[in-house]
Number of protein chains: 2
Amino acid sequence: MTHTTLGDVARTAGVSLATASRVLNGSTTVRADLREKVMAAAEALAYRPNAHAQALARASSQVVGLICHDVSDPYFAAVARGAMRVAADHDLMVMLASTFRDPDREIAYVSTLRAQRARAILLAGSAFQDPAWERALDAELTPYQEAGGRVAVLSRHRARADAVLPDNRGGAASLARALLGLGHRDFAVLAGPPALTTVADRVRGFREALAEAGVRPAPDRVVTGDLTRDGGHAAARELLSRGPLPTCVFAVADVMAIGALTAFREAGLRVPEDVSLAGFDDIPVVADLTPPLTTVTLPLEDLGERLMTLALAPAPRRRHHRVPAEVTLRASTAPPRPA
Amino acid sequence: MTHTTLGDVARTAGVSLATASRVLNGSTTVRADLREKVMAAAEALAYRPNAHAQALARASSQVVGLICHDVSDPYFAAVARGAMRVAADHDLMVMLASTFRDPDREIAYVSTLRAQRARAILLAGSAFQDPAWERALDAELTPYQEAGGRVAVLSRHRARADAVLPDNRGGAASLARALLGLGHRDFAVLAGPPALTTVADRVRGFREALAEAGVRPAPDRVVTGDLTRDGGHAAARELLSRGPLPTCVFAVADVMAIGALTAFREAGLRVPEDVSLAGFDDIPVVADLTPPLTTVTLPLEDLGERLMTLALAPAPRRRHHRVPAEVTLRASTAPPRPA
DNA sequence: GTACGCCGGGAAAGCGCTTTCTGAGAGCGC
DNA sequence: GCGCTCTCAGAAAGCGCTTTCCCGGCGTAC
């Protein structure tokens, strides 16, 4: 990797290194003819400044880190899109990392981004309920912040970090109430890994709202699976194998609902005639399913934009954006069939 | 951004900078007690080496760049996932950039990645048919490669660059033949921007195979739209407005097919009874649609893995991976209704 | 015509590392 | 016991930039 350097440019332009640097950085105190020469030389040599050297000299880099669970999950894809748009507006590059829901990998990535002296680190994936992990993560984040690094988190809490907080609990509760309103009393939940706080919040909100109405799903009606299409598919099959179907199934994430929908279809069940199905997130494709999926809508791209915006606009004190989650009723839910 | 430096570590460990560096880089020629002290100091100070300084001193960085059209497009999301997995195996970070199909932005990103001294630049989005753009891109890529940078491209050609080449043309042709085999003679095509080579290849392959069978879709049966769900939706509506529906519609990308499917449903048409619909790519969700979508399957994650692998394993000469594209018949296509 | 102040460009230091070079001390053979 | 080699740590140079400092030359004021 032996690229053209500023020295090369300066030499062919016949000026000093300092002058070349000044020109390329838009200083106005350089005589026009010299400026021309430098520009011409840079152009001719296809010169690009070494970002590492710049970062070192300026003690600041042009990169921000974005850590999510899985880029290919439509939820994170949308969040990343929003975040990257804002980054692009600020001429920043984003380093994207997928943890695949491995807590250790998240810490490792934070560490790497710390080494990269990233301007900001965005944690977009929900947290894990694990004190040891929390401590280890803090051990990376705290020195980073003390050195001036910015941290912004999505769907999780951290002292001294700005946060974008979609209302997982409230959204799930609203959904439950809407479903109760349709007449359902017999529910099942397809849950993701309980260690994920997002999952826990959604299950909790859903349960609480049911409890208010005096409804309590039996323990075997809460099935846990991966937070993926296949996880939802497997969880739905598991549910089917456990006996009589409830009238309504809530999948804690749309991706799981998609898998469940197919599992139901494969089992010869019609949605919503035989069973109502609802998801969470409102990822782009679910409105195009047959039937279109009832879900809780989150402004996904907006979440990413806010996250990045928070991270890039330092504020004296910690800020929270609470983002409402609204129920979107579609055709996948209907009143239960009279028994 | 004032982080702990190697100097701090060396000082608190009571050794020289050189020794501290040696320890942290795993040199074996350091006495055990000194090694201990350095490790302890690094640990205590939560030290993380400055990647920029390392990159500068070692003249090599730990980042690779991946440029695609849109991360939130399931096609690229899957490709990115594959590529990032391989990168993670090599302890590399990936800088991800979305061009949103703006040719200039692609060039700008290449330029930025050049400045970042990225180990490799992967161009995952299809090319634009535009000689001026091609030249401008070359002006960035050539000096990069001459300086030792690696370039790998997906679905496009470039002299001196390794390439992963899914068989867009052949896949579309096979699909056309399968559709002809079902008895269709009356086709429409929902095409993306014709400036994109991938789109052009797919349309061409499809047409050629039809031509072999003596079938030629009328010009007004080729509708152009954005390569997105909404683009497909709009294109399908446009098609419907142009008069009698063909018996079979080919969308050049699954995302467009998804939009078309909904447009058809909204128009009261049943797929495949009233019209057969086929896509291209086999993005994860299309098998879960109702009806499941007939499409041309590409091993998306594998594409990304190969792309990254090619880029990271320098070879004396240019390599091409041709990737076959196989027709996957699902329920969205059926023989046409007898007229 | 002289003194002063500005303007603009060059020299050089320094960012945080790696790595070569150098040299001090220990261990060995004779 | 002397000189040799070998081991291992420190000094210092250098990676490619930015930026401060400095100095020469010019314009202005008197």
Side-chain angles (χ1 to χ4, degrees), chain A residues 1-39 41-42 45-63 112 114-118 143 147-149, chain B residues 1-39 41-42 45-63 112 114-118 143 147-149:
Chain A
M1 286 293 221
T2 181
H3 294 258
T4 320
T5 73
L6 226 209
D8 299 331
V9 173
R11 198 169 332 109
T12 80
V15 301
S16 78
L17 234 140
T19 301
S21 173
R22 278 191 272 256
V23 171
L24 266 6
N25 287 300
S27 157
T28 53
T29 69
V30 179
R31 224 171 40 206
D33 58 325
L34 294 190
R35 162 182 305 282
E36 293 282 292
K37 278 204 232 168
V38 171
M39 296 299 248
L45 298 176
Y47 171 72
R48 292 266 50 206
N50 183 322
H52 297 297
Q54 285 186 315
L56 200 55
R58 292 183 179 150
S60 90
S61 82
Q62 292 289 90
V63 353
T112 302
R114 203 144 82 76
Q116 294 288 342
R117 299 301 188 260
Chain B
M1 285 293 221
T2 181
H3 294 259
T4 318
T5 71
L6 226 208
D8 298 331
V9 173
R11 196 170 333 107
T12 82
V15 302
S16 78
L17 234 136
T19 300
S21 173
R22 278 190 274 257
V23 170
L24 266 6
N25 287 299
S27 158
T28 54
T29 70
V30 179
R31 224 170 41 205
D33 58 324
L34 294 188
R35 161 182 306 281
E36 294 284 291
K37 278 203 234 169
V38 172
M39 295 300 248
L45 298 176
Y47 171 72
R48 290 266 53 205
N50 183 322
H52 298 296
Q54 287 187 314
L56 201 55
R58 292 183 178 149
S60 89
S61 82
Q62 291 289 90
V63 354
T112 302
R114 202 144 83 76
Q116 294 288 343
R117 301 299 188 260

Is the phosphate of [N], meaning OP1 or OP2, less than 4.0 Å from a side-chain N or O of [X]?
{"X": "A:Y47", "N": "D:dG16", "value": "no"}
{"X": "A:N25", "N": "D:dT18", "value": "yes"}
{"X": "B:R31", "N": "D:dC8", "value": "no"}
{"X": "B:T19", "N": "D:dG10", "value": "yes"}
{"X": "A:S16", "N": "C:dG10", "value": "yes"}
{"X": "A:Q54", "N": "D:dT18", "value": "yes"}

Consider the side chain of [X], meaning its heavy atoms from C-beta on, and name the nucleotide among [options] that approaches it most closely.
{"X": "A:S21", "options": "D:dT19, C:dG16, D:dA9", "answer": "D:dT19"}
{"X": "B:L56", "options": "C:dC17, D:dC17, D:dC15", "answer": "D:dC15"}
{"X": "A:T5", "options": "C:dG16, D:dG16, D:dG10", "answer": "D:dG16"}
{"X": "B:L17", "options": "C:dC17, D:dA9, C:dG9", "answer": "C:dC17"}

Taking [atom1] from [X] and [atom2] from [N], how many angstroms apart are they, rounded to a whole number?
{"X": "A:Q116", "N": "C:dC17", "atom1": "CD", "atom2": "C1'", "result": "14 Å"}
{"X": "A:E36", "N": "C:dG8", "atom1": "CD", "atom2": "P", "result": "16 Å"}
{"X": "A:K37", "N": "C:dG10", "atom1": "NZ", "atom2": "C1'", "result": "14 Å"}
{"X": "B:R22", "N": "D:dT7", "atom1": "CZ", "atom2": "P", "result": "14 Å"}
{"X": "B:R48", "N": "C:dC17", "atom1": "CZ", "atom2": "C1'", "result": "14 Å"}
{"X": "B:R35", "N": "D:dA9", "atom1": "CZ", "atom2": "P", "result": "9 Å"}
{"X": "B:L6", "N": "C:dC15", "atom1": "CG", "atom2": "C1'", "result": "13 Å"}
{"X": "A:H52", "N": "D:dT18", "atom1": "NE2", "atom2": "C1'", "result": "17 Å"}

>> Using every non-hydrogen atom in the two residues, find where A:Q116 and A:S61 come nearest and quote the distance to one decimal.
In response: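 Distance-wise, the nearest heavy atoms are O-OG, 4.0 Å.
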- Task: Could you check B:L34 against A:P49 and say which one's nearest nucleotide on DNA chain D is further toward the 5' end?
- Result: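 Result of the comparison: B:L34.
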Q. Taking for each residue the nucleotide of DNA chain D with the nearest heavy atom, is it B:A32 or A:R58 whose nucleotide lies nearer the 5' end?
A.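 Its nucleotide being nearer the 5' end, the pick is B:A32.
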Discussion item. Side chains of B:R114 and A:N50 only: does a donor on one sit below 3.5 Å from an acceptor on the other?
Written reply: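 No donor-acceptor contact under 3.5 Å links the two side chains.
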Between B:L34 and B:V23, is any pair of side-chain heavy atoms under 4.5 Å apart?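 In short, these two side chains do not touch, never coming nearer than 4.5 Å.
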- Do B:R48 and A:R117 come close enough that some side-chain heavy atom pair is under 4.5 Å?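 Side chain of B:R48 against side chain of A:R117, heavy atoms only: contact under 4.5 Å found.
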Keeping A:N25 on the side-chain end and A:S21 on the backbone end, is there a donor-acceptor pair under 3.5 Å?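 The answer is yes, because a donor-acceptor pair under 3.5 Å joins these two groups.
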